[in-house]
Protein chains: 4
Amino acid sequence: MIRFTTAGESHGQALVCILEGMPAGIPLAAADVDEQLARRQQGYGRGRRMQIERDTVELLAGVRAGETLGSPIAMMVRNRDWKNWSEIMDPAPHAGDPDPRRRAVTRVRPGHADLAGVLKYDRTDARDILERASARETTARVAAGAVCRRFLAEFGVRIGSHLTHLGGIDATRPEPMPADINAAADSSQLRTLDPAAERAMVARIDVVKREGNTLGGICEVVADGLPVGLGSHVSWDRKLDGRIGAAMMSIPAVKGVEIGIGFEAARRTGAEVHDEIDRERDRPLAGNVRRRTNRAGGLEGGMTTGEPLVVRVAMKPISTLMRPLQTVDLATGGPAAATAERSDVTAAPAMGVIAEAMLAIVLADAFMEKFGGDSLNEARRNYDGYVSHVAARLAD
Amino acid sequence: MIRFTTAGESHGQALVCILEGMPAGIPLAAADVDEQLARRQQGYGRGRRMQIERDTVELLAGVRAGETLGSPIAMMVRNRDWKNWSEIMDPAPHAGDPDPRRRAVTRVRPGHADLAGVLKYDRTDARDILERASARETTARVAAGAVCRRFLAEFGVRIGSHLTHLGGIDATRPEPMPADINAAADSSQLRTLDPAAERAMVARIDVVKREGNTLGGICEVVADGLPVGLGSHVSWDRKLDGRIGAAMMSIPAVKGVEIGIGFEAARRTGAEVHDEIDRERDRPLAGNVRRRTNRAGGLEGGMTTGEPLVVRVAMKPISTLMRPLQTVDLATGGPAAATAERSDVTAAPAMGVIAEAMLAIVLADAFMEKFGGDSLNEARRNYDGYVSHVAARLAD
Amino acid sequence: MIRFTTAGESHGQALVCILEGMPAGIPLAAADVDEQLARRQQGYGRGRRMQIERDTVELLAGVRAGETLGSPIAMMVRNRDWKNWSEIMDPAPHAGDPDPRRRAVTRVRPGHADLAGVLKYDRTDARDILERASARETTARVAAGAVCRRFLAEFGVRIGSHLTHLGGIDATRPEPMPADINAAADSSQLRTLDPAAERAMVARIDVVKREGNTLGGICEVVADGLPVGLGSHVSWDRKLDGRIGAAMMSIPAVKGVEIGIGFEAARRTGAEVHDEIDRERDRPLAGNVRRRTNRAGGLEGGMTTGEPLVVRVAMKPISTLMRPLQTVDLATGGPAAATAERSDVTAAPAMGVIAEAMLAIVLADAFMEKFGGDSLNEARRNYDGYVSHVAARLAD
Amino acid sequence: MIRFTTAGESHGQALVCILEGMPAGIPLAAADVDEQLARRQQGYGRGRRMQIERDTVELLAGVRAGETLGSPIAMMVRNRDWKNWSEIMDPAPHAGDPDPRRRAVTRVRPGHADLAGVLKYDRTDARDILERASARETTARVAAGAVCRRFLAEFGVRIGSHLTHLGGIDATRPEPMPADINAAADSSQLRTLDPAAERAMVARIDVVKREGNTLGGICEVVADGLPVGLGSHVSWDRKLDGRIGAAMMSIPAVKGVEIGIGFEAARRTGAEVHDEIDRERDRPLAGNVRRRTNRAGGLEGGMTTGEPLVVRVAMKPISTLMRPLQTVDLATGGPAAATAERSDVTAAPAMGVIAEAMLAIVLADAFMEKFGGDSLNEARRNYDGYVSHVAARLAD
């Protein structure tokens, strides 16, 4: 069982993450994490902060001489902007001027956690909520995901993503998909595989930015190289679909998730949905069969099938608008324009990177659950034994 | 924290469920559960089994004199068909003829857990998998959900659902929605609120049945009467969106979930998505504000807003087709037509009832998390204190 | 990860248990469970109920043709006395005479959960508490433990126990211990390995029984055949010591637990406590070393060492005394003699059997955590790979 | 539900802790944590490192302006010795000389995690194990515990500890106990309340130190001011005894735990063990009753009774001896004297402080479970409601 916990406020000192339960012996360098952190920060339509931050990780615990130790891995990503916020966000009790709360956020933003959070946690300053509800928190998720994908890479698992929709504009999915999705997607400033759509999206962002408005989008995440049998059908909370659903829906601003053809599956007949099965040599991970199609998106009965795992995630537009929406002011009780804190136009391109990280965490957990093992060697030995066994089931 | 665990095979002796963590003093009768079990079994297009079963619950533990005790609640729903299956499904070691495995299922069905399960769990008879991967398991979920909704009802929470799509046919959402969704939906044989669509759906089912094919659909689940602040923004796995995502995606055959306007939110601008906020008296549950719209579906920042919670769930067609798909036979390794065990054309109408149950479980858990309390009285006292406090925040 | 949940009241219809997370393919018959249930019911000094009950299990789910399926295992042990209690304990709402609560328990027993439970759960009848706080609940634990020990037996793990103390009388630990502890202990009516002490204990029980008083005792539980490396040092809640501590201290009436020489370790110097290590061939489970002593009780740094795991558990006397203690009456608020419901003099001999079950559950969980595997074959393959690897570490 | 995770190696960069699930609004300053960290470092018989470290915490997340935010609280305690170890413990992959593993630890220490850990995690250098298995990890526990005790203090809960035994020398428990245990204990260099015993203990430490040997001890932890009804009888893993057992047995080197009179309870009759109950005004936390004695140590049926909670914990001697024990050398396979890394003679005095921290965490968790609440105000409102209710149960 893998456990991962994040901490950190958007303008606090640092984002922190502890990833617990990874085996010993995984090769890991700070650069492996930094590479993913950089990917999270890319994307046309991001605001000034992405330039400020340029995140780098400090491996505080759990790694020695370039290898994991099996102990909890603690990672810290400092907020480079901290010096500008150290007074407002100071953890120390306030003594004398200036009062960190003198600039309290009270004009709560529609679509954000501000209002619900202030009421739930009994705060007067919505900053106490928004600092944690911020997408900045996903930095820590990406760091944890980077370790998990490093682990999965040892088993040939590769996780990529691309943007399939942005603010009303669809990107056409290339057929066939590139072998290395991220190599292609990361070279696009919007992480889309459709250059024509990309141009339209950029134009759309420019317009919407001038309007002080924001945009959402849809990403597709694909994991290749998975063996059949991750997850389980036996209990509701072991099903991989549900665990993926939880992971994706927990990403800030995500409002929908689907696997394989997803909602479209509800519109077709069974014959048009279910993937027929053929024998095929040299596909040991799938038990030496192949689905003629992959509408199931690599999951049947809560388990991987050995086909690529395909997940799509829908993100709503950013909820901080420079042309603010109508709301109430907590301080006066009267109507007000919502607070407009510095923000991006869209976070949808980066969302794919975050969704990759969450998928990596879910999959690494499913790996550990199935294969056990306290060292990479042991996990690999167990994995190899299983794959050999599965491959032999339908052998000639 | 509520824990719920289910057990039981489709043609085994019984479905069993333990629901742990409910407070003492909740009024509960077997009839409360049976009513929900009956709702799960309705729906045009169901096969013969629905007539056979007519489920009733036995309250084995945790309830006395019509009240919960605070101890784990164990419920059992016997499979009435058991006498016909007691030999095939006998738990006892096989001694002499007939061999329970002589009728092994080896022509694994596309879309079902059969193949992945057999490989993962190292079985030769796919019956060892399909008996648990069956939708029959949801009986136990509905039983647990019935207890949770009985608890929630004490706080004025009402959960309903209706079918919005079936096999290519959309139902129009009535405007305004009926005050009691289930009163309306349960009087429809497909649990839809659009009579014209219902007629078309029935005709569609009849056609598809003749073809030996199957259908999926989409349900919408709505929870009314929730206070602001269930769930949390502080950690990925406390966000209510994620917990709902997990619960819904864990329902057999579900391939997608969305909250509020869901995927549509990715297509619009922020100004067209986020719900502006007005002061409004006499809405204590929402902190005396109202969203002008409810595109967020009652969730912001992983927390309830006090507006109705709206979730939509997409189910793929049933994977057992009477006109079977192509597959491999595990016994021979060669191609074969998939097993065609008795089955319905569609389970989509019932899926809404199951989704209601899962939502009830998630919400009861979120209630317990926020309000604590070991008795209904204590939970109510804590709830009342919170609602009073929240209502006073923006009081004049 | 193994999860196990129990339900059931002492005089309710049945005890129920769901054990989730066991692999498929474990040979299991009802007799395997019944054997352990019978062991729990033995022991001089038990009251009449032990004769009434003669527990037998019904395997409701998760087992087919004498093998586990990998799905949740549901077990039910009916209370044979139910017919005499069906009115008092009826789950149905009370309608008409006789009122099940007319015989409410209000003279709360010192030492029992009665008073704290009634206050916490806001009940007026302590029966609502004591029915669940009863030692009868351990029946369900023993059932779950029986499945776990069946699993562990496949790896050569053997768990036994014996009584080392009863009500002031020490039993001398034989040196060397018998190879099969339970074969010896189960032939004693008090489960002790010291015949002289047994005679004194029986006499003590007889005296104390006449006085209307009760006795506690101490059991020692030993697990043989464990490989080095179960548990972990990396996180507080992965340490096997802690998990054993939780399991043992959760047994009703247990007030202390110690591992190896336990409290005695605090009285000696390091040189007198720590077990020196020698090379020794043919001990693959321990990495081909041997501790010269086993004062650590088979655990170092939260992990098994390959030496026998030794745990001692102290149980207080039964809290229902036939010559009752002084208490308050909840109904009157005034002083009263505590309720004296039918009870045993001592449950200490049976406690060893319960502690064995709890240890089996903890160890099976630690096995699954380390070795993973969804089938017994897979778990064994992983186990064999690990043991070979460990054995080769110090090979010549 | 509170979750707490620690990370950090003994000579790594820092110890890190994330405490998740605490409500908002708890007053908290770094000094509150530092005070506890300092208490952990006191004690006669500690080695040089205690002087080196003088731990101070950095509140990285979850605290603003002297109050918790409800978000995860991340704390970091730097290892001041890091500069001397940064090469050996460098997380970066090794490139060029000097090889951080050139000083590999291979002469594994009896009593420590060294050997089991190296085999389990497949390491060649026992430093990869011992760095995490070190008692230094408890720094992070004490930090988390400091936050929990700050929370509990708001409800009048006070947790103290004192040393009752050290290496063969008993301290007499004063009668009555001082009202403020820690005020008395912290003024003793061994944290004992018996000055005569303290002198003997100091002399014993001096002797044992000269011998290159080590000592263990026993601490008693007491929590005052707890309301009746924390914990539960309903499920094995909700019982407070079990949760305390887990917490205490997870402390490095702890080999035994007992509650109330503990093991002694097994030696007496029921009449000599169970605490008779009297009405008594002005004890609202206990439901206006008093136990005439507190042999149960404040726990009945897995729940607090309202009497002081009393736990005793036994620690074995430190396993690093300056006059080393016999072991094997992993590098050669041959016999060797165990590694002798710098170490203390005894950690028993500090162990009480760690046990206090663990108890604070368990109790804060039980508080949150019972009272819920997302802010201190809400938790207090719920608490007050419960205490009023309980106090009225037996009111005249």
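A salt bridge does not link Asp384(D) to Arg381(B): none of the charged nitrogens lies less than 4.0 Å from a carboxylate oxygen.
A 4.5 Å side-chain heavy-atom check between Met368(B) and Glu369(D) finds every atom pair outside the cut-off. Between Glu20(B) and Val234(D) the shortest side-chain heavy-atom distance falls below 4.5 Å. Looking at heavy atoms from C-beta onward, Asp237(B) lies in side-chain contact with Arg3(D) at the 4.5 angstrom threshold. In this structure the side chain of Asn382(D) never reaches within 4.5 angstrom of the side chain of Glu378(B), judged on heavy atoms.
The candidate from Gly385(B), Ser375(B), Ser71(B), Gly70(B) with the greatest count of non-hydrogen atom pairs under 4.5 Å with chain D is Gly385(B). For the set His389(B), Met1(B), Arg238(B), the count of heavy-atom pairs under 4.5 angstrom toward chain D peaks at Arg238(B). Per-residue counts of heavy-atom pairs under 4.5 Å with chain B were compared for Ser232(D), Gly373(D), Pro23(D), Ser235(D); the largest is that of Ser235(D).
Checked against ring pair (Phe, Tyr, Trp, His ring centres under 6.0 Å), Phe151(D) has the following partners two or more places apart in sequence or in another chain: Phe155(D).
Within the model, atoms CG of Asp374(D) and CZ of Phe371(B) stand 8.5 Å from one another, a figure rounded to the nearest 0.5 Å.
Heavy-atom proximity under 4.5 angstrom to chain B picks out nothing from residues 354-362 of chain D.
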